[in-house]
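For reference, the structure discussed in these notes is given below.
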There are 2 protein chains.
Amino acid sequence: MTQEQQYSIGELSRLFDITARSIRFYEEQELLVPERQGQSRIYHLKDKVRLKLILRGKRLGFSLAEIKTLFDLYDTNLNSAPQLKTMLAITEQKRAVLNQQLNDIQMLMIELDDVEARCKDELTELQRGNNL
Amino acid sequence: MTQEQQYSIGELSRLFDITARSIRFYEEQELLVPERQGQSRIYHLKDKVRLKLILRGKRLGFSLAEIKTLFDLYDTNLNSAPQLKTMLAITEQKRAVLNQQLNDIQMLMIELDDVEARCKDELTELQRGNNL
DNA sequence: ACTCAGCTTTACGTAAACGTAAAGTTTAAG
DNA sequence: CTTAAACTTTACGTTTACGTAAAGCTGAGT
């Protein structure tokens with residue numbers, strides 16, 4: 001029998017290096033709905049996966065509200081054509097944002113290369129000066 | 001003679017599709033230092049470039065304070081070895097963040113592909129049902 | 001001279017994402 | 001039994017990045 005993994009809020013906060021406060025806040029915003037055993041929250045694998053998605057979304061600049069919208073859509077029984085089309089529209093939109101970000105990152109990377117190169121040049125120049 | 005381009009705050013706000021308030025706020029935070037002609041702000045090409053960088057940084061989730069730090073470092077005469085090394089350390093750090101984001105984006109893209117595929121399948125299923 | 005668009009400053013308001021303090025509960029260890 | 005660690009709720013505080021009046025200045029057109 002493969003017992004399903006369980007986590008306390010403390011374990012989860014250590015795992016992802018965030019505060020328990022944050023996790024409770026995400027729950028308050030209805031991004032997480034952990035099981036309860038008495039008063040305590042019990043997190044399962046699906047909660048852990050969700051949290052991972054939340055943090056990834058955050059790193060990409062999505063608001064918690066946006067993330068919730070995606071979750072809701074994902075959770076919904078996508079059974080009607082309008083719903084499916086809404087979902088497709090949203091994913092397309094997100095894809096556009098991500099492409100923009102990819103572009104931004106590439107540009108910034110190039111600039112970083114440039115800055116680094118110049119710094120290194122400067123450093124070797126300084127070295128040369130010290131050796132004369 | 002190539003006259004250098006000048007912009008009013010309104011022109012700039014329209015160019016980048018942001019409010020004049022935002023531009024003034026960036027100045028308040030010392031991210032922009034436009035020339036003054038009497039009471040009015042005059043923006044030159046370098047200001048436009050800066051603004052572009054600000055917005056790109058924002059899209060990548062950098063705070064205005066972080067962006068300012070980068071600008072300050074970039075503006076500083078990087079003449080001492082310690083300064084150069086600080087700069088290199090920071091660029092390395094930013095590079096790590098960007099790589100993480102690249103990773104995140106790729107993951108999300110894959111998930112979007114998945115969601116889209118399933119939506120499209122569902123849609124064709126519905127179509128099939130309607131035609132029977 | 002008038003008006004009106006576009007600019008200015010000053011200042012208070014707001015939403016998001018938590019931080020933090022207070023006060024109580026639960027569970028394992030000594 | 002009691003102490004300590006980890007959890008709980010409630011609630012007010014804080015930062016960031018602006019929004020939104022309010023009230024006045026300024027230059028171009030009629």
Side-chain angles (χ1 to χ4, degrees), chain A residues 5-44 47-48 50-72 94 97 100-101 104, chain B residues 5-44 47-48 50-72 94 97 100-101 104:
Chain A
Q5 268 280 23
Q6 288 189 177
Y7 308 87
S8 74
I9 196 169
E11 289 169 338
L12 225 53
S13 74
R14 260 163 277 142
L15 260 173
F16 290 103
D17 194 32
I18 57 179
T19 65
R21 175 68 176 93
S22 296
I23 298 180
R24 290 198 198 94
F25 183 74
Y26 299 151
E27 179 177 346
E28 203 174 313
Q29 303 302 307
E30 300 174 28
L31 289 169
L32 293 172
V33 189
E35 186 195 329
R36 291 284 182 142
Q37 274 181 20
Q39 193 173 221
S40 292
R41 294 168 172 86
I42 306 284
Y43 299 89
H44 299 276
D47 300 308
K48 188 181 161 191
R50 278 220 165 199
L51 188 46
K52 194 175 194 170
L53 286 173
I54 293 172
L55 297 179
R56 178 185 296 158
K58 287 207 58 184
R59 283 196 301 268
L60 293 177
F62 295 111
S63 74
L64 295 184
E66 286 177 312
I67 296 172
K68 175 168 163 47
T69 311
L70 286 178
F71 281 174
D72 287 352
K94 291 297 167 196
V97 172
Q100 169 71 297
Q101 290 197 356
D104 288 336
Chain B
Q5 268 281 22
Q6 287 188 176
Y7 308 88
S8 74
I9 195 168
E11 289 169 337
L12 224 51
S13 73
R14 259 163 279 143
L15 260 173
F16 290 102
D17 195 30
I18 58 179
T19 65
R21 175 69 177 92
S22 297
I23 298 179
R24 291 197 198 94
F25 184 74
Y26 299 152
E27 179 177 347
E28 203 175 311
Q29 303 302 306
E30 300 174 28
L31 290 170
L32 293 173
V33 188
E35 187 196 327
R36 292 284 183 140
Q37 272 180 22
Q39 192 175 223
S40 292
R41 296 167 172 85
I42 305 284
Y43 299 88
H44 299 275
D47 300 309
K48 187 181 163 192
R50 279 222 164 197
L51 188 46
K52 194 175 194 171
L53 286 174
I54 293 172
L55 297 178
R56 178 185 296 158
K58 288 206 57 186
R59 283 196 301 268
L60 293 177
F62 294 111
S63 72
L64 296 184
E66 286 177 311
I67 296 171
K68 173 169 164 46
T69 311
L70 286 178
F71 280 174
D72 287 350
K94 290 299 168 195
V97 172
Q100 168 71 297
Q101 290 198 359
D104 289 335

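So that the names make sense, note that chain A is the first sequence line, chain B the second, and so on, each numbered from 1. Because the structure is predicted, anything quoted here is derived from the model rather than measured.
Across all their heavy atoms, B/Ile23 and B/Ile18 have their closest contact at CG1-CD1, 3.6 Å. Nearest heavy-atom pair, A/Ser13 versus A/Ala20, reported as atom, atom and distance to 0.1 Å: CB-N, 4.0 Å. The heavy-atom pair separating B/Pro34 from B/Ile42 by the smallest distance is CB-O, 3.6 Å. The shortest non-hydrogen separation linking A/Leu31 to A/Arg50 is O-NH1, 3.3 Å. Residues B/Gln101 and B/Leu60 approach most closely at NE2-O, 3.0 Å, considering heavy atoms. Of all non-hydrogen atoms in B/Lys68 and B/Gln29, the two that sit nearest each other are CD-O, 3.3 Å.
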Run the side-chain contact (heavy atoms from CB on, under 4.5 Å) check on B/Leu53 and B/Phe71 step by step: do they pass? CA-CA 10 Å; B/Leu53 286 174; B/Phe71 280 174; 3.9 Å; yes
Candidate pair B/Lys52 and B/Phe16, rule side-chain contact (heavy atoms from CB on, under 4.5 Å), full reasoning: CA-CA 8 Å; B/Lys52 194 175 194 171; B/Phe16 290 102; 4.1 Å; yes
Please lay out, stage by stage, how A/Glu30 and A/Asp72 fare under the test side-chain contact (heavy atoms from CB on, under 4.5 Å). CA-CA 10 Å; A/Glu30 300 174 28; A/Asp72 287 352; over 6 Å; no
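Of the residues listed (A/Glu35, A/Glu11, A/Glu27), the one engaging A/Arg41 in a salt bridge (charged side-chain N to carboxylate O under 4.0 Å, His left out) is A/Glu27, and it is the only one.
One interatomic measurement links the two molecules: CD1 of B/Ile9 to C1' of D/dG27, which rounds to 17 Å at whole-angstrom precision. Atom CD in A/Glu28 sits roughly 16 Å away from atom P in C/dA15 (whole-Å rounding). One interatomic measurement links the two molecules: CD of B/Gln6 to P of C/dC7, which rounds to 14 Å at whole-angstrom precision. The CG atom of A/Leu55 sits 13 Å away from the C1' atom of C/dC18 (whole-angstrom rounding). Atom P of nucleotide D/dA6 and atom CD of A/Glu11 are separated by 11 Å, given to the nearest angstrom. Rounded to whole Å, atom C1' of C/dA16 lies 15 Å from atom CD1 of A/Ile54.
To the nearest 0.5 Å, the span separating CZ on A/Arg59 from CG on B/Asp104 amounts to 4.0 Å.
Listed by residue number, the members of residues 58-67 of chain A with any heavy atom below 4.0 angstrom from DNA chain C are A/Lys58, A/Ser63, A/Leu64. Contacts with DNA chain C (heavy atom under 4.0 Å) in residues 12-27 of chain A: A/Thr19, A/Arg21, A/Ser22, A/Phe25, A/Tyr26, listed by number. Contacts between residues 30-41 of chain B and DNA chain C, counted as heavy-atom distances below 4.0 Å, involve B/Arg36, B/Gln39, B/Ser40, B/Arg41.
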